[in-house]
A.B. asks: 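Just dropping this structure here.
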Amino acid sequence: QLQLVESGGALVQPGGSLRLSCTVSGVSFDEYSIAWFRQVPGKEREAVSCISTRGTITKYRDSVNGRFTISKDNAKNTVYLQMNSLKPEDTADYYCAADSSDFQCLISTGSSLVLTDYHSWGQGTQVTVSS
């Protein structure tokens with residue numbers, strides 16, 4: 001059974017960095033595309049980034065492009081989201097999810113990161129950017 005567990009959230013000052021982790025279990029890790037999402041209470045969840053099954057394709061929403069980096073460590077069954085130059089507007093609960101297909105990640109663009117097929121959400125990890 002596919003399970004995802006997020007970790008790494010914290011309180012950080014503007015301009016600081018954090019690395020979030022998404023550990024996957026119960027499936028063959030290299031057969032899944034993984035995506036990061038975030039949600040502020042009272043607002044819709046938004047896609048942040050995705051990485052293809054083999055880790056060769058990555059996409060980012062425009063507002064984080066150049067600041068965030070998604071990566072995949074197959075040996076550890078873990079996907080990371082390195083977040084640099086954090087801004088108060090990055091404050092949210094961050095979630096990861098999986099899809100057995102690369103399709104939505106491949107066709108997404110920074111202005112249209114539509115990852116509606118991703119599923120098996122973790123419990124989330126809280127990121128707060130504040131001075």
A.B. asks: Is Arg67 salt-bridged to Asp90, cutoff N-O under 4.0 Å?
C.D. replies: yes
A.B. asks: Show the nearest heavy-atom pair for residues Cys96 and Ile34, with the distance to one decimal.
C.D. replies: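 Reported closest heavy-atom pair: CB-CG2, 4.3 Å.
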A.B. asks: Mind running side chain to side chain contact (heavy atoms under 4.5 Å, CB included) on Val24 and Leu2 for me, showing each step along the way?
C.D. replies: CA-CA 7 Å; Val24 180; Leu2 174 63; 3.6 Å; yes
A.B. asks: So, Gln39 side chain and Lys43 main chain: donor-acceptor pair closer than 3.5 Å or not?
C.D. replies: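 It does hold such a pair.
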A.B. asks: Would you say Phe29 and Lys76 make side-chain contact, with heavy atoms under 4.5 Å?
C.D. replies: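 When only atoms from C-beta onward are counted, Lys76 and Phe29 do not touch, as no gap falls below 4.5 Å.
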A.B. asks: Check whether any side-chain heavy atom of Pro88 sits under 4.5 Å from a side-chain heavy atom of Pro14, and report yes or no.
C.D. replies: yes
A.B. asks: With a 3.5 Å distance limit and no angle check, can you tell me whether Lys59 reaches the backbone of Thr109 through a side-chain donor-acceptor pair?
C.D. replies: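 No.
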A.B. asks: Quick one: do Phe68 and Leu115 end up in the same hydrophobic cluster if we chain Ile, Leu, Val, Met, Phe, Trp and Tyr together by side-chain heavy atoms under 4.5 Å apart?
C.D. replies: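 Not linked; separate clusters.
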A.B. asks: Test your reading of the model: is there a side-chain donor-acceptor pair from Gln82 to the backbone of Thr69, 3.5 Å cut-off?
C.D. replies: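 No, Gln82 side chain to Thr69 backbone: no donor-acceptor pair under 3.5 Å.
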A.B. asks: Please list all pairs passing the side-chain hydrogen bond (donor to acceptor under 3.5 Å, both in side chains) test where one or both residues lie in residues 15-27, with sequence neighbours left out.
C.D. replies: Ser17-Asn84, Thr23-Thr78
A.B. asks: Same cluster for Ile70 and Leu113 if Ile/Leu/Val/Met/Phe/Trp/Tyr side chains link at under 4.5 Å?
C.D. replies: no
A.B. asks: If I take atom CG from residue Asp99 and atom SG from residue Cys50, how far apart are they, to the nearest 0.5 angstrom?
C.D. replies: 10.0 Å
A.B. asks: Not counting sequence neighbours, list each pair that qualifies as a ring pair (Phe, Tyr, Trp, His ring centres under 6.0 Å) and has a residue in residues 99-131.
C.D. replies: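 Non-adjacent pairs meeting ring pair (Phe, Tyr, Trp, His ring centres under 6.0 Å): Phe37-Trp121.
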A.B. asks: Would you indicate whether the side-chain heavy atoms of Thr53 and Asp30 approach each other to under 4.5 Å?
C.D. replies: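 Side chain of Asp30 against side chain of Thr53, heavy atoms only: no contact under 4.5 Å found.
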A.B. asks: First locate atom CD1 of Ile107, then atom CG of Asp102, and finally report the distance between them rounded to the nearest 0.5 Å.
C.D. replies: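 Ile107 atom CD1 to Asp102 atom CG measures 11.5 Å (nearest 0.5 Å).
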A.B. asks: Could you check Ile57 against Ile51 for side chain to side chain contact (heavy atoms under 4.5 Å, CB included), going step by step and ending with a plain yes or no?
C.D. replies: CA-CA 6 Å; Ile57 303 294; Ile51 188 166; over 6 Å; no
A.B. asks: May I ask you to establish whether Lys72 and Tyr32 are in a cation-pi arrangement, using a distance under 6.0 Å from NZ or CZ to the six-membered ring centre and at most 45° from the ring axis?
C.D. replies: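 Ring-cation test returns no.
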A.B. asks: Does the side chain of Thr116 pick up a donor-acceptor pair with the side chain of Gln104 at under 3.5 Å?
C.D. replies: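 Short answer, yes.
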A.B. asks: Calculate, to the nearest 0.5 Å, the distance between atoms OG1 and CG belonging to Thr125 and Leu20 respectively.
C.D. replies: 6.0 Å
A.B. asks: Are Tyr80 and Val12 connected into the same hydrophobic cluster when the rule is that any two of I, L, V, M, F, W, Y join if their side-chain heavy atoms are below 4.5 Å apart?
C.D. replies: no
A.B. asks: Drop me the distance from Thr128's OG1 to Gln13's CD, to the nearest 0.5 angstrom.
C.D. replies: 13.0 Å
A.B. asks: Can you tell me how far CG of Asp117 sits from SG of Cys105, rounded to the nearest 0.5 angstrom?
C.D. replies: 12.0 Å
A.B. asks: Treating Ser120 as the side-chain partner and Gln3 as the backbone partner, does any N or O pair qualify as donor plus acceptor under 3.5 Å?
C.D. replies: no
A.B. asks: How long is the gap from CZ on Arg38 to OH on Tyr95, to the nearest 0.5 Å?
C.D. replies: 13.5 Å
